[in-house]
Every structure is written in structure tokens, then in C-alpha cells.
2 protein chains.
Amino acid sequence: MEPHEPDLTDIPVTIVLAALADDVRLQIVRALAEGGEHACGSFDFGVSKATRSHHLKVLREAGLTRTRAAGTSRLVRLRRDELDRLYPGLLDAVLSTRTPA
Amino acid sequence: MEPHEPDLTDIPVTIVLAALADDVRLQIVRALAEGGEHACGSFDFGVSKATRSHHLKVLREAGLTRTRAAGTSRLVRLRRDELDRLYPGLLDAVLSTRTPA
DNA sequence: ACCCTTGTTCGACAATAATCGAACAACGCC
DNA sequence: GGCGTTGTTCGATTATTGTCGAACAAGGGT
């Protein structure tokens with residue numbers, strides 16, 4: 001089954017904001033904002049792989065990321081263009097902040 | 001005691017995002033974005049006054065609003081200038097969305 | 001002084017969300 | 001086929017958060 005990646009316009013903005021309102025997920029988004037595709041395993045932020053998988057699911061279901069299978073890995077990327085079109089300035093504003101103290 | 005209204009730069013962005021990631025609070029922010037000062041009681045979004053007071057506290061402590069006493073009321077206003085300076089585009093992006101379905 | 005209005009605070013409770021280990025699934029490789 | 005790697009899912013636990021009613025506090029009338 002494909003991981004369901006909803007249409008961004010179907011997602012209430014509160015869901016998007018809630019997805020971004022977590023330190024671990026924000027670190028993931030920061031990493032993804034560097035560009036390109038990242039394997040799930042490349043995000044090591046001090047949580048178990050179960051927790052990491054959970055956070056990636058939250059991001060995906062909030063419409064923030066897309067995922068595709070590649071061998072035994074899964075490659076994740078930020079839906080930057082769509083996000084910037086629907087919420088101009090949001091990602092920039094969030095990413096402009098320094099790493100949380 | 002004065003309600004403590006922190007310096008915006010002291011507040012992790014995740015706190016700001018979490019404050020905005022709630023339907024009731026977002027409706028309050030939308031109303032405040034119309035400009036000017038609003039009495040707490042003017043926000044009737046189907047929750048009790050205890051809950052409303054709680055949400056206003058969350059917004060205040062996240063640095064999104066300022067409150068001043070005026071007689072028996074309290075007047076709340078959005079810290080728009082500061083927010084736009086620190087997070088350019090964030091409020092606009094969030095407020096541009098239509099009322100949640 | 002009394003009361004009404006406006007908010008806040010205090011438990012308490014319910015719902016949501018973060019976290020983990022363990023079990024499971026899919027893939028590639030030897 | 002069997003094994004290691006990479007992720008996901010399940011069930012349980014804990015922490016956080018939204019919600020309310022009731023009690024309280026501060027003001028402004030009259």
C-alpha cells in the first residue's frame with residue numbers, strides 16, 4: 001500500500017502547524033530543507049526508530065513530505081513548492097529560527 | 001500581578017506554532033487580526049469561559065498577544081508588528097486560510 | 001454595602017500525543 | 001534459502017493538553 005499523501009488543500013492549517021510544533025519533527029524538516037531526498041534512517045535525533053517512524057508519518061499525513069520506496073530504504077523529501085504556494089512565508093519563517101536552545 | 005508577556009525572542013518557535021495549532025485559538029487570532037483591542041468575553045467560540053481564559057493564557061505566554069486591564073474587562077491585542085518582524089510571513093500565511101471546515 | 005459583570009484559578013476528567021520495545025514485513029545479497 | 005538491513009505496526013506506558021464546573025477576585029454601578 002502506498003503511504004497516503006493527502007492533497008495539501010484538504011488539510012486544515014492547524015494540522016500543518018501541529019506537525020511543525022515538535023522539536024524532533026522540526027529537526028527533520030530542517031534537514032529536509034537542505035534539499036533532496038533523505039533516507040529515514042538518516043534522521044538520528046535521539047529517538048528510537050519506532051518514534052522516528054511515527055514522526056515521519058505525522059509529517060507525511062500533514063502533507064509536509066512525500067515518501068517513495070527505494071530498495072529497503074524509503075526516501076523522504078519536503079513538499080516545498082506546494083507548501084510555499086499554499087502558505088507563502090510559513091516555511092521560511094519557521095526555518096529561519098536557530099536550533100532550539 | 002501582571003500577566004507575564006515574555007520577550008518573543010525567548011520563545012522557541014515550536015511554542016508559537018503549538019499556540020497556533022488549535023482551532024479555538026486560531027479563531028481568536030483571526031478575530032484579533034482584524035485589529036485593535038478585544039475584550040476576552042468577545043470571543044465566543046462555543047467553549048466555557050474557563051476554557052477561553054486558558055486559551056488566552058496560552059496565546060499570551062507564547063508571545064502572541066498582550067493584555068491590559070480595563071475596568072472589569074481585560075483587553076487583548078495581537079503582537080503583530082513583533083511577530084511580523086521575527087517571523088515574516090508566518091501570520092499572513094496562517095491567516096490566509098479559510099475558516100476550518 | 002450589595003450585587004452583577006468579567007475573568008482567573010483550581011481540581012478533576014477525558015482525549016490526544018510522544019515514547020519505547022518487540023514483533024513483523026520487504027528487500028537485497030551471499 | 002537464510003541473513004542482515006531498513007522501516008512499519010502493535011500494544012503499553014507516560015506526558016501533555018483541552019475541557020468543564022465551581023470557587024474566587026476585582027471593578028463598577030446603584
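No hydrogens, no waters, no symmetry mates; every other heavy atom, side chains included, goes into these values. Order of the sequence lines fixes the chain letters, A, B, ..., with proteins taken first and strands second; residue numbering starts at 1 for each chain.
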- Task: Nearest whole angstrom, please: distance from the C1' of D:dG7 to the NE2 of A:His38.
- Result: 18 Å
- Task: Return the set of residues passing side-chain contact (heavy atoms from CB on, under 4.5 Å) with B:Ala33 (not counting sequence neighbours), or none when no residue passes.
- Result: B:Leu78, B:Arg80, B:Leu95
- Item | Rounded distance (Å) that lies between atom P of D:dT8 and atom CZ of A:Phe43 | 11 Å
- Message: Strictly distance-based, threshold 3.5 Å: is any side-chain N or O of A:Arg52 a donor or acceptor partner for the main-chain N or O of A:Phe43?
- Response: yes
- Query: Can you tell me how far NZ of B:Lys49 sits from OG1 of B:Thr51, rounded to the nearest 0.5 angstrom?
  - Reply: 11.5 Å
- Over how many whole Å does the gap from A:Arg74 atom CZ to C:dG28 atom C1' extend? 16 Å
Do any N or O atoms of the protein come closer than 3.5 Å to N or O atoms of nucleotides 16-21 of chain C, and which pairs are they?
unit_1	atom_1	unit_2	atom_2	d
C:dA18	OP1	A:Arg25	NH1	3.2
C:dA18	OP1	A:Arg25	NH2	2.8
C:dA18	OP2	A:His54	NE2	3.2
C:dT19	OP2	A:His55	NE2	2.4
C:dC20	OP2	A:Ser48	N	2.8
C:dC20	OP2	A:Ser48	OG	3.3
C:dC20	OP2	A:Thr51	OG1	2.8

- Task: Compare the minimum distances between each of C:dT6, D:dT8, C:dT8 and the side chain of B:Ser53, then state the nucleotide with the smallest one.
- Result: C:dT8
- Message: What's the separation between atom CZ in B:Arg79 and atom OG1 in B:Thr65, rounded to the nearest 0.5 Å?
- Response: 8.0 Å
- Looking at A:Ser73, does any N or O in its side chain come under 4.0 Å of the phosphate oxygens OP1/OP2 on D:dG7? yes
- Item | Lys/Arg N to Asp/Glu carboxylate O, A:Arg68 vs A:Glu37, below 4.0 Å | yes
- Query: What is the distance from CG of A:Leu59 to P of D:dT8, rounded to the nearest Å?
  - Reply: 12 Å
- May I ask you to say what A:Ala39 touches in the nucleic acid, namely base, sugar-phosphate or nothing, with a heavy-atom cut-off under 4.0 Å? sugar-phosphate
- How many Å lie between CG on B:Leu75 and P on C:dG7, as a whole number? 8 Å
